[in-house]
Amino acid sequence: MPQTLEASDASAPTAPDIEISEALIRRFDRSGPRYTSYPTADRFFQDFPAQPYIHELSRRALSSSNPPLSVYLHIPFCQSLCYFCACNKIITQDRSKSEQYLDYLLREIDMVTQYMGEDRRTEQLHLGGGSPTFLDNEQLARLMAKLKEQFAFTDDAELGIEIDPRTLAEGTLQNLAALGFNRTSFGVQDFDPNVQKAINRIQPFEMVKRAIEESRAAGFQSINTDLIYGLPLQTLESFAITIDSLVQLRPDRIALYNYAHLPTRFKAQRLINEEELPDADQRLQLFLMSSQRLLDAGYVYIGLDHFALPTDELNLARLDGSLHRNFQGYTTRAACDLVSFGVSSIGQVGTMHVQNARSLRNYYADIDRGRLPIERGIVMQQDDRLRAEVIMHLMCSMPVPILRLEARYGIDFASYFSAELQELNSYADAGLLTVDAQSIQVLPKGRLFVRAYSMVFDKYLSQESGARYSRLI
(Lines give C-alpha, C1' and ligand atoms only; values in the text may rest on other atoms or scores of the structure.)
Protein backbone atom coordinates (compact mmCIF):
# COMPACT_ATOMS: atom_id res chain seq x y z
CA MET A 1 0.00 0.00 0.00
CA PRO A 2 1.50 3.41 -0.92
CA GLN A 3 2.17 5.57 2.11
CA THR A 4 1.64 9.30 2.39
CA LEU A 5 3.20 11.04 5.37
CA GLU A 6 1.99 14.47 6.40
CA ALA A 7 3.21 16.56 9.27
CA SER A 8 3.02 20.12 10.51
CA ASP A 9 4.13 21.75 13.72
CA ALA A 10 1.76 23.84 15.78
CA SER A 11 4.59 26.08 16.88
CA ALA A 12 5.37 26.96 13.26
CA PRO A 13 1.95 27.51 11.68
CA THR A 14 3.34 29.31 8.63
CA ALA A 15 5.46 26.31 7.61
CA PRO A 16 3.93 24.32 4.75
CA ASP A 17 3.40 20.62 5.29
CA ILE A 18 5.77 18.10 3.77
CA GLU A 19 4.13 15.15 2.10
CA ILE A 20 6.18 12.05 1.36
CA SER A 21 4.66 9.53 -1.00
CA GLU A 22 6.15 6.09 -1.45
CA ALA A 23 4.56 5.83 -4.90
CA LEU A 24 6.12 9.11 -6.05
CA ILE A 25 9.51 8.13 -4.68
CA ARG A 26 9.39 4.88 -6.63
CA ARG A 27 8.44 6.86 -9.74
CA PHE A 28 10.90 9.74 -9.54
CA ASP A 29 13.88 8.43 -7.56
CA ARG A 30 17.11 8.71 -9.55
CA SER A 31 20.80 9.41 -9.12
CA GLY A 32 22.10 12.94 -9.25
CA PRO A 33 24.31 15.66 -7.72
CA ARG A 34 23.58 17.19 -4.31
CA TYR A 35 24.17 20.71 -5.67
CA THR A 36 26.30 22.20 -2.95
CA SER A 37 27.51 24.28 -5.90
CA TYR A 38 26.77 24.86 -9.54
CA PRO A 39 28.69 23.97 -11.58
CA THR A 40 29.26 20.92 -9.39
CA ALA A 41 32.77 20.08 -8.21
CA ASP A 42 33.21 17.24 -10.69
CA ARG A 43 33.07 19.90 -13.45
CA PHE A 44 35.99 21.91 -12.08
CA PHE A 45 39.05 22.09 -14.34
CA GLN A 46 42.22 20.26 -13.27
CA ASP A 47 45.48 22.23 -12.92
CA PHE A 48 43.54 25.46 -12.43
CA PRO A 49 46.04 28.34 -12.06
CA ALA A 50 46.19 30.37 -8.86
CA GLN A 51 46.42 33.72 -10.64
CA PRO A 52 42.71 34.07 -11.55
CA TYR A 53 41.82 33.46 -7.91
CA ILE A 54 44.34 36.06 -6.78
CA HIS A 55 42.81 38.45 -9.30
CA GLU A 56 39.33 37.78 -7.91
CA LEU A 57 40.51 38.37 -4.34
CA SER A 58 42.23 41.58 -5.44
CA ARG A 59 39.08 42.74 -7.25
CA ARG A 60 37.18 42.19 -4.04
CA ALA A 61 39.81 44.22 -2.14
CA LEU A 62 39.15 47.22 -4.42
CA SER A 63 35.35 46.98 -4.28
CA SER A 64 33.25 49.10 -1.95
CA SER A 65 30.23 46.75 -2.01
CA ASN A 66 31.45 43.32 -0.99
CA PRO A 67 29.29 40.58 0.47
CA PRO A 68 30.39 39.34 3.91
CA LEU A 69 32.68 36.34 4.19
CA SER A 70 32.18 32.74 5.19
CA VAL A 71 35.34 30.83 6.12
CA TYR A 72 35.85 27.07 5.92
CA LEU A 73 38.84 25.08 7.16
CA HIS A 74 39.40 21.38 6.49
CA ILE A 75 41.17 19.33 9.18
CA PRO A 76 41.73 15.90 7.58
CA PHE A 77 42.94 13.78 10.51
CA CYS A 78 41.00 10.99 12.24
CA GLN A 79 42.17 8.53 14.90
CA SER A 80 40.33 5.56 13.37
CA LEU A 81 38.72 4.56 10.09
CA CYS A 82 34.94 4.54 9.69
CA TYR A 83 34.23 2.13 6.86
CA PHE A 84 31.34 4.14 5.41
CA CYS A 85 33.21 7.46 5.21
CA ALA A 86 33.66 9.23 1.87
CA CYS A 87 35.42 12.31 3.25
CA ASN A 88 38.99 13.30 2.46
CA LYS A 89 40.70 12.08 5.64
CA ILE A 90 44.02 10.81 6.96
CA ILE A 91 43.95 8.05 9.58
CA THR A 92 46.73 8.44 12.12
CA GLN A 93 47.54 8.27 15.82
CA ASP A 94 50.58 10.51 15.31
CA ARG A 95 49.70 13.84 16.92
CA SER A 96 52.81 15.51 15.49
CA LYS A 97 51.11 15.47 12.10
CA SER A 98 48.52 17.96 13.31
CA GLU A 99 51.24 20.38 14.48
CA GLN A 100 52.88 20.32 11.07
CA TYR A 101 49.53 20.71 9.32
CA LEU A 102 48.58 23.65 11.52
CA ASP A 103 51.82 25.43 10.63
CA TYR A 104 50.99 25.13 6.92
CA LEU A 105 47.37 26.13 7.50
CA LEU A 106 48.43 29.34 9.23
CA ARG A 107 50.82 30.07 6.37
CA GLU A 108 48.04 29.56 3.82
CA ILE A 109 45.75 31.94 5.71
CA ASP A 110 48.43 34.65 5.56
CA MET A 111 49.07 33.95 1.85
CA VAL A 112 45.40 34.33 0.92
CA THR A 113 44.50 37.30 3.12
CA GLN A 114 47.36 39.42 1.76
CA TYR A 115 45.25 39.86 -1.38
CA MET A 116 41.94 40.57 0.34
CA GLY A 117 42.18 44.19 1.42
CA GLU A 118 40.75 45.51 4.66
CA ASP A 119 37.10 44.53 4.19
CA ARG A 120 37.04 41.11 5.86
CA ARG A 121 33.69 41.22 7.64
CA THR A 122 32.94 37.57 8.40
CA GLU A 123 29.59 36.05 9.34
CA GLN A 124 30.43 32.34 9.33
CA LEU A 125 33.21 29.96 10.26
CA HIS A 126 33.12 26.20 9.92
CA LEU A 127 35.76 23.61 10.78
CA GLY A 128 35.20 20.28 9.07
CA GLY A 129 37.08 17.12 8.43
CA GLY A 130 38.19 14.53 9.29
CA SER A 131 37.92 15.34 12.96
CA PRO A 132 38.77 19.00 13.72
CA THR A 133 39.16 18.14 17.41
CA PHE A 134 42.19 16.07 16.40
CA LEU A 135 43.81 19.44 17.07
CA ASP A 136 44.38 19.83 20.79
CA ASN A 137 43.20 22.83 22.83
CA GLU A 138 46.46 24.74 22.38
CA GLN A 139 46.47 24.17 18.62
CA LEU A 140 42.84 25.25 18.30
CA ALA A 141 43.66 28.39 20.28
CA ARG A 142 46.53 29.18 17.86
CA LEU A 143 44.24 28.66 14.90
CA MET A 144 41.48 30.86 16.30
CA ALA A 145 43.96 33.59 17.19
CA LYS A 146 45.13 33.67 13.56
CA LEU A 147 41.58 33.70 12.23
CA LYS A 148 40.54 36.54 14.54
CA GLU A 149 43.67 38.44 13.52
CA GLN A 150 42.87 38.12 9.82
CA PHE A 151 39.05 38.20 9.77
CA ALA A 152 36.58 40.58 11.41
CA PHE A 153 33.91 38.31 12.86
CA THR A 154 30.55 39.99 13.36
CA ASP A 155 28.86 39.89 16.74
CA ASP A 156 26.26 37.43 15.46
CA ALA A 157 28.69 35.26 13.48
CA GLU A 158 28.05 31.52 13.35
CA LEU A 159 31.18 29.64 14.43
CA GLY A 160 30.71 25.90 13.95
CA ILE A 161 32.83 22.81 14.36
CA GLU A 162 32.34 19.12 13.59
CA ILE A 163 33.12 16.76 16.48
CA ASP A 164 33.56 13.02 16.77
CA PRO A 165 32.03 12.24 20.21
CA ARG A 166 34.55 9.42 20.68
CA THR A 167 37.41 11.92 20.78
CA LEU A 168 35.98 14.39 23.29
CA ALA A 169 38.33 14.96 26.19
CA GLU A 170 37.19 16.50 29.44
CA GLY A 171 36.82 20.26 29.05
CA THR A 172 37.04 20.27 25.23
CA LEU A 173 33.55 21.72 24.70
CA GLN A 174 34.08 24.37 27.34
CA ASN A 175 37.35 25.29 25.64
CA LEU A 176 35.67 25.51 22.24
CA ALA A 177 32.99 27.78 23.66
CA ALA A 178 35.64 29.99 25.23
CA LEU A 179 37.31 30.29 21.81
CA GLY A 180 34.03 31.56 20.37
CA PHE A 181 32.45 28.48 18.82
CA ASN A 182 28.67 28.53 19.20
CA ARG A 183 27.52 25.66 16.96
CA THR A 184 28.57 22.06 16.85
CA SER A 185 27.83 18.94 14.84
CA PHE A 186 28.16 15.36 16.07
CA GLY A 187 28.35 12.27 13.90
CA VAL A 188 25.95 9.64 15.29
CA GLN A 189 25.06 7.42 12.29
CA ASP A 190 23.40 4.59 14.28
CA PHE A 191 23.21 3.49 17.92
CA ASP A 192 22.80 -0.23 17.23
CA PRO A 193 25.92 -2.13 18.43
CA ASN A 194 25.85 -4.58 15.50
CA VAL A 195 25.70 -1.77 12.95
CA GLN A 196 28.44 0.11 14.76
CA LYS A 197 30.69 -2.94 14.66
CA ALA A 198 29.97 -3.43 10.94
CA ILE A 199 31.08 0.15 10.15
CA ASN A 200 33.92 0.23 12.73
CA ARG A 201 32.45 3.08 14.76
CA ILE A 202 31.70 2.07 18.34
CA GLN A 203 29.82 4.95 19.93
CA PRO A 204 27.27 4.17 22.67
CA PHE A 205 24.17 6.28 23.23
CA GLU A 206 25.45 7.55 26.57
CA MET A 207 28.53 8.98 24.88
CA VAL A 208 26.41 11.07 22.52
CA LYS A 209 24.03 12.05 25.29
CA ARG A 210 26.91 13.34 27.37
CA ALA A 211 28.35 15.29 24.41
CA ILE A 212 25.02 17.00 23.70
CA GLU A 213 24.39 17.79 27.37
CA GLU A 214 27.87 19.25 27.77
CA SER A 215 27.38 21.32 24.61
CA ARG A 216 24.25 22.86 26.05
CA ALA A 217 25.92 23.49 29.38
CA ALA A 218 28.79 25.22 27.56
CA GLY A 219 26.34 27.53 25.80
CA PHE A 220 26.31 26.22 22.23
CA GLN A 221 23.38 27.81 20.38
CA SER A 222 22.73 25.06 17.84
CA ILE A 223 23.56 21.35 17.92
CA ASN A 224 23.44 19.20 14.79
CA THR A 225 23.60 15.41 14.62
CA ASP A 226 24.12 13.18 11.58
CA LEU A 227 22.35 9.87 10.95
CA ILE A 228 22.86 7.47 8.04
CA TYR A 229 20.32 4.99 6.72
CA GLY A 230 21.25 2.11 4.43
CA LEU A 231 24.18 0.90 6.56
CA PRO A 232 24.97 -2.82 6.95
CA LEU A 233 22.72 -4.82 9.32
CA GLN A 234 20.22 -1.96 9.73
CA THR A 235 16.61 -3.03 10.17
CA LEU A 236 13.43 -1.03 10.55
CA GLU A 237 13.22 -2.08 14.19
CA SER A 238 16.82 -1.27 15.10
CA PHE A 239 16.91 2.08 13.29
CA ALA A 240 13.58 3.08 14.82
CA ILE A 241 15.24 2.70 18.22
CA THR A 242 18.12 4.92 17.03
CA ILE A 243 15.71 7.61 15.81
CA ASP A 244 13.60 7.52 18.98
CA SER A 245 16.69 7.61 21.19
CA LEU A 246 18.17 10.58 19.36
CA VAL A 247 15.00 12.71 19.39
CA GLN A 248 14.88 12.27 23.16
CA LEU A 249 18.12 14.28 23.25
CA ARG A 250 16.43 17.03 21.20
CA PRO A 251 19.32 18.20 18.98
CA ASP A 252 18.38 21.36 17.10
CA ARG A 253 19.10 19.78 13.72
CA ILE A 254 19.20 16.24 12.40
CA ALA A 255 20.69 15.29 9.05
CA LEU A 256 19.36 11.97 7.71
CA TYR A 257 21.83 10.87 5.05
CA ASN A 258 21.45 8.09 2.53
CA TYR A 259 24.53 5.85 2.53
CA ALA A 260 26.08 5.73 -0.94
CA HIS A 261 28.08 2.52 -1.34
CA LEU A 262 30.84 3.29 -3.86
CA PRO A 263 33.68 0.88 -3.00
CA THR A 264 35.48 1.41 -6.32
CA ARG A 265 35.84 5.08 -5.43
CA PHE A 266 36.29 4.95 -1.65
CA LYS A 267 38.68 2.24 -0.48
CA ALA A 268 37.39 2.15 3.09
CA GLN A 269 33.97 1.02 1.87
CA ARG A 270 35.53 -2.19 0.55
CA LEU A 271 35.70 -3.29 4.20
CA ILE A 272 31.90 -3.33 4.37
CA ASN A 273 30.21 -6.68 3.73
CA GLU A 274 27.92 -5.92 0.80
CA GLU A 275 25.71 -8.90 1.66
CA GLU A 276 24.77 -7.12 4.90
CA LEU A 277 23.55 -3.93 3.17
CA PRO A 278 19.78 -3.29 2.99
CA ASP A 279 18.38 -3.70 -0.52
CA ALA A 280 16.67 -0.85 -2.37
CA ASP A 281 13.23 -1.59 -0.97
CA GLN A 282 14.52 -1.90 2.61
CA ARG A 283 16.39 1.37 2.18
CA LEU A 284 13.18 3.09 1.06
CA GLN A 285 11.27 1.74 4.03
CA LEU A 286 14.05 2.94 6.35
CA PHE A 287 13.70 6.43 4.90
CA LEU A 288 9.92 6.49 5.16
CA MET A 289 9.96 5.23 8.74
CA SER A 290 12.73 7.64 9.81
CA SER A 291 11.11 10.67 8.22
CA GLN A 292 7.76 9.90 9.81
CA ARG A 293 9.31 9.57 13.25
CA LEU A 294 11.21 12.84 12.93
CA LEU A 295 8.10 14.68 11.75
CA ASP A 296 6.01 13.13 14.52
CA ALA A 297 8.66 14.26 17.02
CA GLY A 298 8.14 17.88 15.98
CA TYR A 299 11.03 18.33 13.55
CA VAL A 300 10.47 20.36 10.37
CA TYR A 301 11.71 19.22 6.98
CA ILE A 302 14.25 21.77 5.70
CA GLY A 303 15.22 20.11 2.44
CA LEU A 304 17.11 17.20 0.92
CA ASP A 305 18.06 15.27 4.07
CA HIS A 306 17.87 17.98 6.75
CA PHE A 307 15.38 18.35 9.59
CA ALA A 308 15.32 21.02 12.31
CA LEU A 309 13.28 22.14 15.27
CA PRO A 310 10.76 24.87 14.36
CA THR A 311 12.69 27.49 16.32
CA ASP A 312 16.07 26.67 14.78
CA GLU A 313 17.69 29.26 12.50
CA LEU A 314 17.56 26.91 9.50
CA ASN A 315 13.79 26.70 9.69
CA LEU A 316 13.46 30.43 10.28
CA ALA A 317 15.62 31.03 7.20
CA ARG A 318 13.44 28.64 5.21
CA LEU A 319 10.34 30.55 6.25
CA ASP A 320 11.68 34.03 5.49
CA GLY A 321 13.30 32.99 2.19
CA SER A 322 16.94 33.48 3.24
CA LEU A 323 17.87 29.78 3.17
CA HIS A 324 20.97 29.10 1.11
CA ARG A 325 23.13 26.16 0.12
CA ASN A 326 26.91 25.90 -0.17
CA PHE A 327 29.66 23.31 0.26
CA GLN A 328 28.69 22.78 3.91
CA GLY A 329 25.04 22.11 3.01
CA TYR A 330 22.08 24.30 3.97
CA THR A 331 22.98 27.57 5.64
CA THR A 332 21.28 30.70 6.92
CA ARG A 333 23.73 33.16 5.37
CA ALA A 334 22.94 33.58 1.69
CA ALA A 335 25.10 36.44 0.42
CA CYS A 336 28.61 35.38 1.42
CA ASP A 337 31.86 34.79 -0.39
CA LEU A 338 33.24 31.47 0.84
CA VAL A 339 37.00 31.46 1.49
CA SER A 340 38.42 28.01 2.22
CA PHE A 341 41.67 26.73 3.66
CA GLY A 342 43.29 23.33 4.07
CA VAL A 343 43.76 20.25 1.96
CA SER A 344 40.89 19.55 -0.52
CA SER A 345 38.79 22.49 0.73
CA ILE A 346 36.43 24.19 -1.73
CA GLY A 347 35.56 27.87 -1.82
CA GLN A 348 33.71 30.39 -3.96
CA VAL A 349 34.58 34.05 -4.32
CA GLY A 350 32.56 36.09 -6.76
CA THR A 351 32.06 34.01 -9.89
CA MET A 352 34.92 31.63 -9.20
CA HIS A 353 34.99 28.20 -7.55
CA VAL A 354 38.35 26.80 -6.42
CA GLN A 355 39.51 23.62 -4.71
CA ASN A 356 42.80 23.08 -2.93
CA ALA A 357 45.16 20.19 -3.57
CA ARG A 358 43.62 16.93 -2.40
CA SER A 359 46.86 15.27 -1.26
CA LEU A 360 48.80 16.47 1.75
CA ARG A 361 52.09 16.18 -0.13
CA ASN A 362 50.95 18.48 -2.94
CA TYR A 363 49.34 20.88 -0.47
CA TYR A 364 52.59 21.22 1.48
CA ALA A 365 54.70 21.46 -1.68
CA ASP A 366 52.66 24.33 -3.11
CA ILE A 367 52.86 26.35 0.10
CA ASP A 368 56.62 25.70 0.36
CA ARG A 369 56.94 27.15 -3.16
CA GLY A 370 55.00 30.23 -2.08
CA ARG A 371 52.08 29.27 -4.31
CA LEU A 372 48.43 29.14 -3.31
CA PRO A 373 47.65 25.38 -3.14
CA ILE A 374 44.83 25.52 -5.71
CA GLU A 375 44.44 22.40 -7.82
CA ARG A 376 41.04 22.69 -9.51
CA GLY A 377 38.55 25.42 -10.28
CA ILE A 378 36.13 27.06 -12.68
CA VAL A 379 35.09 30.58 -13.62
CA MET A 380 31.32 30.88 -13.99
CA GLN A 381 30.01 32.29 -17.24
CA GLN A 382 26.71 34.16 -17.44
CA ASP A 383 24.79 30.98 -18.28
CA ASP A 384 26.35 29.28 -15.24
CA ARG A 385 25.33 32.16 -12.98
CA LEU A 386 21.77 32.11 -14.30
CA ARG A 387 21.41 28.36 -13.88
CA ALA A 388 23.04 28.53 -10.44
CA GLU A 389 20.34 30.97 -9.30
CA VAL A 390 17.56 28.75 -10.63
CA ILE A 391 19.06 25.67 -8.97
CA MET A 392 19.62 27.49 -5.67
CA HIS A 393 15.96 28.50 -5.50
CA LEU A 394 14.82 24.98 -6.35
CA MET A 395 17.14 23.32 -3.82
CA CYS A 396 15.77 25.60 -1.11
CA SER A 397 12.13 25.05 -2.27
CA MET A 398 11.80 28.76 -2.88
CA PRO A 399 9.92 30.19 -5.89
CA VAL A 400 12.14 30.69 -8.93
CA PRO A 401 11.64 34.44 -9.64
CA ILE A 402 11.26 34.32 -13.41
CA LEU A 403 10.56 38.02 -13.96
CA ARG A 404 13.52 39.08 -11.83
CA LEU A 405 15.85 36.68 -13.64
CA GLU A 406 14.64 37.93 -17.02
CA ALA A 407 15.44 41.52 -16.01
CA ARG A 408 18.82 40.64 -14.52
CA TYR A 409 20.09 38.48 -17.38
CA GLY A 410 18.26 40.07 -20.32
CA ILE A 411 16.52 36.87 -21.39
CA ASP A 412 13.06 35.58 -22.15
CA PHE A 413 12.85 32.74 -19.62
CA ALA A 414 10.33 30.65 -21.57
CA SER A 415 12.46 30.76 -24.72
CA TYR A 416 15.83 30.35 -23.01
CA PHE A 417 14.67 27.35 -21.01
CA SER A 418 12.08 25.94 -23.42
CA ALA A 419 13.50 22.41 -23.30
CA GLU A 420 13.88 22.50 -19.51
CA LEU A 421 10.33 23.74 -18.96
CA GLN A 422 9.05 20.96 -21.21
CA GLU A 423 10.96 18.44 -19.10
CA LEU A 424 9.37 19.82 -15.93
CA ASN A 425 5.92 18.91 -17.22
CA SER A 426 6.04 15.37 -15.81
CA TYR A 427 6.71 16.80 -12.33
CA ALA A 428 3.99 19.42 -12.72
CA ASP A 429 1.52 16.78 -13.92
CA ALA A 430 2.27 14.75 -10.78
CA GLY A 431 1.46 17.76 -8.58
CA LEU A 432 5.05 18.27 -7.43
CA LEU A 433 5.47 21.84 -8.68
CA THR A 434 3.72 24.59 -10.63
CA VAL A 435 5.05 26.67 -13.50
CA ASP A 436 3.62 29.97 -14.73
CA ALA A 437 4.93 33.18 -16.28
CA GLN A 438 6.03 34.56 -12.89
CA SER A 439 7.62 31.62 -11.10
CA ILE A 440 8.37 27.95 -10.65
CA GLN A 441 7.03 26.88 -7.26
CA VAL A 442 7.83 23.60 -5.52
CA LEU A 443 4.70 22.22 -3.85
CA PRO A 444 4.63 20.45 -0.45
CA LYS A 445 4.65 16.92 -1.82
CA GLY A 446 7.34 17.87 -4.30
CA ARG A 447 9.90 19.17 -1.83
CA LEU A 448 11.60 15.79 -1.64
CA PHE A 449 12.55 15.87 -5.32
CA VAL A 450 14.39 19.20 -5.57
CA ARG A 451 17.55 17.48 -6.81
CA ALA A 452 15.58 16.04 -9.72
CA TYR A 453 14.24 19.46 -10.77
CA SER A 454 17.71 20.97 -10.41
CA MET A 455 19.12 18.31 -12.70
CA VAL A 456 16.75 19.53 -15.41
CA PHE A 457 18.60 22.88 -15.43
CA ASP A 458 22.11 21.38 -15.21
CA LYS A 459 23.58 21.74 -18.70
CA TYR A 460 26.67 19.74 -17.75
CA LEU A 461 24.87 16.47 -17.02
CA SER A 462 24.83 15.59 -20.71
CA GLN A 463 28.65 15.77 -20.69
CA GLU A 464 30.41 12.74 -19.23
CA SER A 465 32.54 13.54 -16.17
CA GLY A 466 33.16 10.07 -14.76
CA ALA A 467 31.39 11.05 -11.52
CA ARG A 468 28.97 8.67 -9.85
CA TYR A 469 26.13 10.23 -7.92
CA SER A 470 24.04 8.99 -5.02
CA ARG A 471 20.33 8.32 -5.44
CA LEU A 472 17.79 10.86 -4.25
CA ILE A 473 16.45 8.35 -1.70
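This is a predicted model, so every value here is computed, not measured.
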Please tell me if the side chains of E389 and Y409 come closer than 4.5 Å, counting only heavy atoms from C-beta onward. yes
How many angstroms lie between atom CG of L372 and atom CZ of F341, to the nearest 0.5 angstrom? 9.5 Å
S63 side chain to S65 main-chain N or O, any donor-acceptor pair under 3.5 Å? yes
F44: ring-ring contact (aromatic ring centres under 6.0 Å, His included) partners, not counting sequence neighbours: H353
With sequence neighbours excluded, tell me which residues meet side chain to side chain donor-acceptor pair (under 3.5 Å) with T154. D156
Flag the pair H324 / R333 as yes when at least one side-chain heavy-atom distance between them is below 4.5 Å, and no otherwise. no
Measuring only between side-chain heavy atoms, which start at C-beta, is E274 closer than 4.5 Å to P263? yes
Is it the case that the side chain of S340 and the backbone of G347 share a donor-acceptor pair, with hydrogens and angles ignored and the cut-off at 3.5 Å? yes
Where do A41 and I346 come nearest, in terms of heavy atoms and distance? CB-CD1, 4.1 Å
Quick one: does any side-chain atom of T113 pair with a main-chain N or O of M116 as donor and acceptor, under 3.5 Å? no
What pairs of residues pass the salt bridge (charged side-chain N to carboxylate O under 4.0 Å, His left out) test when at least one of them lies in residues 344-369, not counting sequence neighbours? R107-D368, R358-E375, D366-R369, D366-R371
What I'd like to find out is whether the side chain of F307 reaches to under 4.5 Å of the side chain of L227, using heavy atoms alone. no
Side chains of E108 and N356 in contact at under 4.5 Å (non-hydrogen atoms): yes
Mind checking what makes side chain to side chain donor-acceptor pair (under 3.5 Å) contact with T331, not counting sequence neighbours? Q124
Output field: ring centroids F84/F266 closer than 6.0 Å: no
For residues 283-294, which residue pairs pass the salt bridge (charged side-chain N to carboxylate O under 4.0 Å, His left out) check, not counting sequence neighbours? D244-R293
Taking all atoms of both residues into account, what is the closest heavy-atom pair of K445 and L24, and its distance? CD-CD1, 4.1 Å
Centroid-to-centroid, F77 to F134, below 6.0 Å? yes
Is the backbone of M111 close enough, under 3.5 Å, to the side chain of Q114 for a donor and an acceptor to pair up by distance? yes
Hey, does L316 have a side-chain heavy atom less than 4.5 Å from the side chain of T332? no
Compare every heavy atom of P278 with every heavy atom of G230, then report the nearest pair and how far apart it is. O-CD, 3.4 Å
Closer than 3.5 angstrom, by distance alone: can the side chain of H261 be matched with the main-chain N or O of L277 as a donor-acceptor pair? no
Look only at the side chain of R43 and the backbone of Q463, and say whether a donor-acceptor pair between them is shorter than 3.5 Å. yes
What residues, two or more places apart in sequence or in another chain, satisfy salt bridge (charged side-chain N to carboxylate O under 4.0 Å, His left out) together with K146? D110, E149
Return the orientation label for the H306 and Y330 ring planes: parallel under 30°, perpendicular over 60°, tilted otherwise. perpendicular
Measuring from L246:CG to I254:CD1, what's the distance to the nearest 0.5 Å? 4.5 Å
Do any N or O atoms from the side chain of D226 and from the backbone of A255 form a donor-acceptor pair under 3.5 angstrom? no
Is any NZ, NE, NH1 or NH2 atom of the basic residue among R183 and D252 found under 4.0 Å from an Asp or Glu carboxylate oxygen of the other? no
Excluding sequence neighbours, so at least two apart, what forms side chain to side chain contact (heavy atoms under 4.5 Å, CB included) with M455? R30, P33, Y35, L461
What pairs meet the salt bridge (charged side-chain N to carboxylate O under 4.0 Å, His left out) rule with one or both residues in residues 47-71, with sequence neighbours excluded? E56-R59, R60-D337
Donor-acceptor pair, distance only, cut-off 3.5 Å: does the side chain of D305 make one with the backbone of Y257? no
Rounded distance [0.5 Å steps], CD in E19 versus CG in L295: 11.5 Å
Checking Y453 side chain against G446 main chain: does a donor-acceptor pair fall under 3.5 Å? yes
Which residues share a side chain to side chain contact (heavy atoms under 4.5 Å, CB included) with L81, sequence neighbours left out: Y83, K89, I91, A268, L271
Over all heavy atoms of both residues, which pair between V450 and L394 is shortest? Give the atoms and the distance, please. CG1-O, 3.0 Å
side-chain hydrogen bond (donor to acceptor under 3.5 Å, both in side chains) pairs, two or more places apart, involving residues 418-435: R387-E420
Mind checking whether C336 and P68 have side chains closer than 4.5 Å, heavy atoms only? yes
Partners passing side chain to side chain donor-acceptor pair (under 3.5 Å) against S397 (at least two apart in sequence or in another chain): none
Rounded distance [0.5 Å steps], CZ in F186 versus OG1 in T225: 9.5 Å
Which atom of L304 lies closest to which atom of R34, heavy atoms considered: CD2-NH2, 3.5 Å
Is it true that, when you exclude E118 itself, more than 12 heavy atoms of the residues, nucleotides or ligands shown sit nearer than 6.0 Å to its CD? no
Shortest non-hydrogen pair, M395 vs S454, comes out as SD-OG, 3.4 Å
Lys/Arg N to Asp/Glu carboxylate O, D312 vs R318, below 4.0 Å: no
Is the shortest heavy-atom distance from the side chain of V339 to the side chain of T122 under 4.5 Å? no
Quick test of your reading: applying ring pair (Phe, Tyr, Trp, His ring centres under 6.0 Å), list the pairs with at least one residue in residues 359-386, sequence neighbours left out, ordered by first then second residue. Y101-Y363, Y104-Y364
To the nearest 0.5 Å, how far apart are OG in S215 and CG in N182? 11.5 Å
Dump the intermediate steps for side-chain hydrogen bond (donor to acceptor under 3.5 Å, both in side chains) on D42 and Y460, then the final yes or no. CA-CA 10 Å; D42 57 297; Y460 294 99; over 6 Å; no
Let me confirm one number: the CD1-CG distance from I243 to L294, rounded to the nearest 0.5 Å. 4.5 Å
Exactly one candidate in Q328, E158, E162 meets side-chain hydrogen bond (donor to acceptor under 3.5 Å, both in side chains) with H126; the answer is E162
If only atom types and distance count, is the side chain of E406 paired as donor or acceptor with the main-chain N or O of F413 below 3.5 Å? yes
